[in-house]
Each structure stands twice: as structure tokens, then as C-alpha cells.
Peer 1: 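Pasting a structure here, questions to come.
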There are 2 protein chains.
Amino acid sequence: MAKRVSHRDSMCGVARPLDAIGDWWSLLIVRDAFDGLRRFGEFQKSLGLAKNILSARLRNLLAHGIMETVPAADGSPYQEYVLTEKGRGLFRLLVALRQWGEDFFFEPDEAHVLLVDRKSGLPVRRLELRAQDGRVVGAEDTMVRLPSA
Amino acid sequence: MAKRVSHRDSMCGVARPLDAIGDWWSLLIVRDAFDGLRRFGEFQKSLGLAKNILSARLRNLLAHGIMETVPAADGSPYQEYVLTEKGRGLFRLLVALRQWGEDFFFEPDEAHVLLVDRKSGLPVRRLELRAQDGRVVGAEDTMVRLPSA
DNA sequence: TCGTATGGTTTCAATTTGAAACCATCGTCT
DNA sequence: AGACGATGGTTTCAAATTGAAACCATACGA
């Protein structure tokens with residue numbers, strides 16, 4: 001499962017997470033988990049992927065501490081898969097992915113699901129990246145800086 | 001390259017983008033492009049991946065309109081690969097990935113590159129998702145709603 | 001006790017990946 | 001002109017991954 005590390009011996013801040021969730025299915029499983037799915041069968045039905053693959057992906061998510069198994073919930077003798085704190089940390093990544101999809105993968109008039117604020121029922125705003133002083137910044141306004149400097 | 005569609009005939013707002021950039025390398029190429037890399041050889045050296053794979057990934061990024069080739073820049077007879085508007089739209093997704101990585105993939109004292117505001121030189125804030133009324137909202141505060149409702 | 005629902009593992013063919021070798025074009029040096 | 005290196009790929013082929021289907025195991029209810 002662990003892909004080869006990049007030619008540098010230490011993986012950068014983007015590559016390292018990709019090793020954990022860098023495949024098609026894992027993120028979809030996490031998204032379904034955010035939507036409340038918990039059971040092996042639920043994930044399989046929702047995603048329509050082969051059971052062996054789902055099994056492998058869940059194992060990988062468990063190994064990376066993104067999900068964990070909990071013994072039961074409704075009394076059934078099975079275990080359930082739930083997001084850990086680390087897994088819940090993927091929320092904004094999923095939102096970013098969804099918003100990018102809305103921007104570029106749907107026709108303007110094409111219907112698609114909306115992420116809405118529970119309290120108001122209104123759609124959420126776009127994700128915003130701000131500088132310390134509160135300015136919204138984009139790619140042009142930022143750069144990466146090496147550790148020590 | 002096009003993976004099988006989920007069991008539903010129409011891919012959801014998260015799955016559709018994943019079809020375009022849902023593999024390990026593509027996002028790393030895009031990240032390098034944000035860092036100013038443009039040439040085939042630069043990407044290959046930076047990422048250390050096989051040339052045939054890089055070739056296939058670039059072709060895929062071009063096909064999805066995430067990158068495009070431009071004839072030249074410094075007069076050399078080669079083409080260069082640059083991000084399109086759609087590609088630049090991935091900025092916040094990369095930031096989300098990076099911030100998640102910082103949160104969970106590095107020891108607290110482990111050095112890592114920082115994304116800083118060019119103007120001030122200070123690290124940027126965390127990505128924020130807000131409701132219409134300006135409240136910062138998390139996963140618990142949101143839900144997805146079907147198109148028409 | 002038989003059937004069924006759930007949650008997997010095993011098997012095996014097909015696809016994808018990736019390392020290495022090869023090829024093509026351009027510019028330069030002699 | 002001819003040799004040569006740099007750049008940007010494609011081809012080849014073995015190894016790893018994927019995925020569909022079959023199989024297995026356990027719990028439960030009729």
C-alpha cells in the first residue's frame with residue numbers, strides 16, 4: 001500500500017498525506033463516513049466497489065488512524081467504522097474538492113447537491129484562505145518557505 | 001484512465017473531480033506547477049517518477065483542462081506545461097491537503113515548509129469555511145442537500 | 001435446521017505501474 | 001558536415017494492483 005517515496009528521502013507536506021488518502025476510493029469512503037455511513041455493507045452499497053477493495057481500503061484507513069472500529073451501536077454483533085479526529089480533519093479538504101468540482105465539473109445550470117449550514121439551511125460560503133491580517137489570499141499571494149529560515 | 005463510474009449513473013460532486021486528479025502523482029504535478037515548474041524535465045527531476053508515467057499524467061491533466069501547453073517562454077524550442085484557470089482552482093485543495101498534513105503527519109517539533117503570505121512573510125491562517133452569516137462552520141454544522149429541495 | 005443477512009477472504013484474469021532501453025529533435029562544438 | 005549532449009518523449013516488458021466472482025464464516029429468525 002505504501003507507495004514509493006519520492007526521490008528525496010523525506011516526503012514533503014503534500015506528499016505525505018497523499019500516501020494515506022491518495023487514492024480514488026479512500027476519500028469517497030471518508031466522505032460517506034461524514035454522511036453518517038458506518039457499516040461495511042453501507043459503504044459497499046453506496047460506492048459500488050468490490051468487497052475485497054473496500055476491505056483493503058478500510059484496513060488502510062484504520063492503519064493510518066483515519067478511521068477506527070467501534071464495537072457496536074444498535075446492538076448488532078458487528079463492528080462499525082467511524083472517523084477519528086484525524087479523519088474528521090479531512091472535512092475542509094473534502095469541501096475544497098467539492099467546491100472545485102462545482103466550479104469546473106458542472107454546467108452552470110446542472111443540478112448538484114449543496115453543502116448547507118444546518119442552522120440556517122443556506123449554502124455555505126466558499127473556503128477562504130486569509131493572511132494574518134485578514135486579507136483573503138490566493139496562490140499568487142503566497143509562497144512556501146523552508147523550515148528554519 | 002477514466003475509472004469506472006460509481007454504481008449510480010451520475011457521479012457525485014466529490015467523485016467527479018477525483019476522476020480528474022484522483023491519483024497520487026497528478027496533484028503533486030499540480031503542486032509543482034504552483035511552485036513555478038513548467039518543463040517536463042523539471043517535473044521529472046522534482047518528483048522522481050518514470051518518464052512514461054509523467055507523460056501519461058501530463059496527458060491526462062491536459063485532457064481534463066487542468067494544464068495546457070504553451071509554445072515557449074525562454075526561446076527554447078520546447079513546450080511548457082502551465083496551469084489553466086481550472087488548474088489554479090486547485091489552490092485551496094492543495095492548501096487543505098497541506099494543512100491536514102501539518103496537523104497529523106508531522107511531530108509537533110518537526111520542521112516543515114510553511115505557506116507564507118508574500119506581502120507580510122507571515123504564515124497564512126487556516127482555511128476557513130463560513131456560513132452566510134459569517135460563522136465558521138465545521139462538519140457537524142453542515143449537511144448536504146439534494147438539488148431541487 | 002434451514003435459510004438469510006452481514007462481513008469478510010480467496011482466486012484469478014485484466015489493467016496499471018514503473019524501470020530501463022530506445023528514439024527523435026534541436027543546438028553546439030570542431 | 002559530423003559528432004555529441006541535452007531535452008522530451010515512446011516502447012517494451014516484468015511486477016504490482018485492481019476488481020469480479022466465488023467462496024467462507026458467524027449470527028439470527030422462522
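Labels below follow one simple rule: chain letters A, B, ... track the order of the sequence lines, proteins then strands, and each chain is numbered from 1. Heavy atoms only: backbone and side chains are in, while hydrogens, waters and symmetry mates are out.
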Peer 1: Roughly, in whole Å, what's the span from CD1 in B:Ile53 to C1' in D:dT11?
Peer 2: 13 Å
Peer 1: If the cut-off is 4.0 Å, is B:Trp25 near the phosphate of C:dT17, judged by side-chain N/O to OP1 or OP2?
Peer 2: no
Peer 1: Can you tell whether the side chains of B:Arg135 and B:Asp133 come within less than 4.0 Å, N to carboxylate O?
Peer 2: yes
Peer 1: Restricting to non-hydrogen atoms, name the atom on A:Glu85 and the atom on B:Phe104 that form the minimum distance, rounded to 0.1 Å.
Peer 2: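 Closest approach of A:Glu85 to B:Phe104, heavy atoms only: O-CZ, 3.8 Å.
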Peer 1: Quick check: do A:Phe91 and B:Leu129 have side-chain heavy atoms less than 4.5 Å from each other?
Peer 2: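 They are in side-chain contact.
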Peer 1: Would you tell me if any nitrogen or oxygen in the side chain of B:Ser55 comes within less than 4.0 Å of OP1 or OP2 on D:dT10?
Peer 2: yes
Peer 1: Before you tell me yes or no, could you show the steps for A:Val124 and B:Asp141 under side chain to side chain contact (heavy atoms under 4.5 Å, CB included), namely the whole-Å CA-CA distance, both residues' side-chain angles and the distance that decides it to 0.1 Å?
Peer 2: CA-CA 10 Å; A:Val124 297; B:Asp141 307 312; over 6 Å; no
Peer 1: What integer distance in Å separates A:Asn60:CG from D:dT17:P?
Peer 2: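 Result: 12 Å.
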Peer 1: Check the distance between C:dA5's C1' and A:Gln79's CD and give it to me in whole angstrom.
Peer 2: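 Going from CD in A:Gln79 over to C1' in C:dA5 covers 16 Å.
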Peer 1: Rounding to an integer number of Å, can you tell me how far A:Leu62 CG sits from C:dG8 C1'?
Peer 2: 13 Å
Peer 1: Look at A:Arg57 and D:dT18 and indicate whether a side-chain polar atom (N or O) is within less than 4.0 Å of OP1 or OP2.
Peer 2: yes
Peer 1: Out of curiosity, A:Leu58 CG to A:Ile66 CD1, how far, rounded to the nearest 0.5 Å?
Peer 2: 11.5 Å
Peer 1: Starting at atom NZ of A:Lys45, determine the distance to atom P of C:dG7, rounded to an integer number of angstrom.
Peer 2: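 Atom NZ in A:Lys45 sits about 12 Å away from atom P in C:dG7.
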Peer 1: Show every ring pair (Phe, Tyr, Trp, His ring centres under 6.0 Å) that has at least one partner inside residues 117-147 of chain B, sequence neighbours left out.
Peer 2: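 Every pair satisfying ring pair (Phe, Tyr, Trp, His ring centres under 6.0 Å) with a residue in residues 117-147 of chain B: there are none.
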Peer 1: A:Tyr81 near the nucleic acid: base, sugar-phosphate alone, or nothing, with a heavy-atom cut-off under 4.0 Å?
Peer 2: sugar-phosphate
Peer 1: Got a list of protein N/O to nucleotides 21-25 of chain C N/O distances below 3.5 Å?
Peer 2:
none

Peer 1: Give the rounded distance in Å between these two atoms: CH2 of B:Trp24 and C1' of C:dT17.
Peer 2: 13 Å
Peer 1: Which pair of heavy atoms, one from B:Arg39 and one from B:Ser76, lies closest together, and at what distance?
Peer 2: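 Answer, listing the atom of B:Arg39 first, then B:Ser76: NH1-OG, 2.9 Å.
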Peer 1: Give, ordered by number, those residues of residues 31-40 of chain B having at least one heavy-atom distance below 4.0 Å to an atom of DNA chain D; if nothing qualifies, reply none.
Peer 2: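 Contacts with DNA chain D under 4.0 Å: B:Arg39, B:Phe40.
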Peer 1: Think B:Gln44 has a side-chain N or O under 4.0 angstrom from the OP1 or OP2 of D:dG9?
Peer 2: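 Checking D:dG9 against B:Gln44, no side-chain N or O comes under 4.0 Å of OP1 or OP2.
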Peer 1: Expressed in angstrom and rounded to an integer, what is the separation of A:Leu47 atom CG from D:dA20 atom C1'?
Peer 2: 16 Å
Peer 1: So, is B:Arg59 close to the D:dG8 phosphate, meaning a side-chain N or O under 4.0 Å from OP1 or OP2?
Peer 2: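 So the side chain of B:Arg59 is outside the cut-off, no N or O lying under 4.0 Å from OP1 or OP2 of D:dG8.
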Peer 1: Find the distance between CD (B:Glu68) and CD (B:Gln79) and round it off to the nearest 0.5 Å.
Peer 2: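 Here the interatomic distance stands at 11.5 Å.
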Peer 1: Nearest-nucleotide wise, let me know which of A:Pro77 and B:Asn52 is further upstream toward the 5' end of DNA chain D.
Peer 2: B:Asn52
Peer 1: Identify whether NZ of Lys or CZ of Arg in A:Lys51 sits under 6.0 Å from the centre of the six-membered ring of A:Phe40 and within 45° of that ring's axis.
Peer 2: no
Peer 1: Begin with the C-alpha distance, continue with both residues' side-chain angles, and end with the deciding distance and a verdict on side chain to side chain contact (heavy atoms under 4.5 Å, CB included) for B:His64 and B:Ser26.
Peer 2: CA-CA 11 Å; B:His64 277 96; B:Ser26 297; over 6 Å; no
Peer 1: For the pair made of CG in B:Leu54 and P in C:dA19, what is the distance, rounded to whole Å?
Peer 2: 13 Å
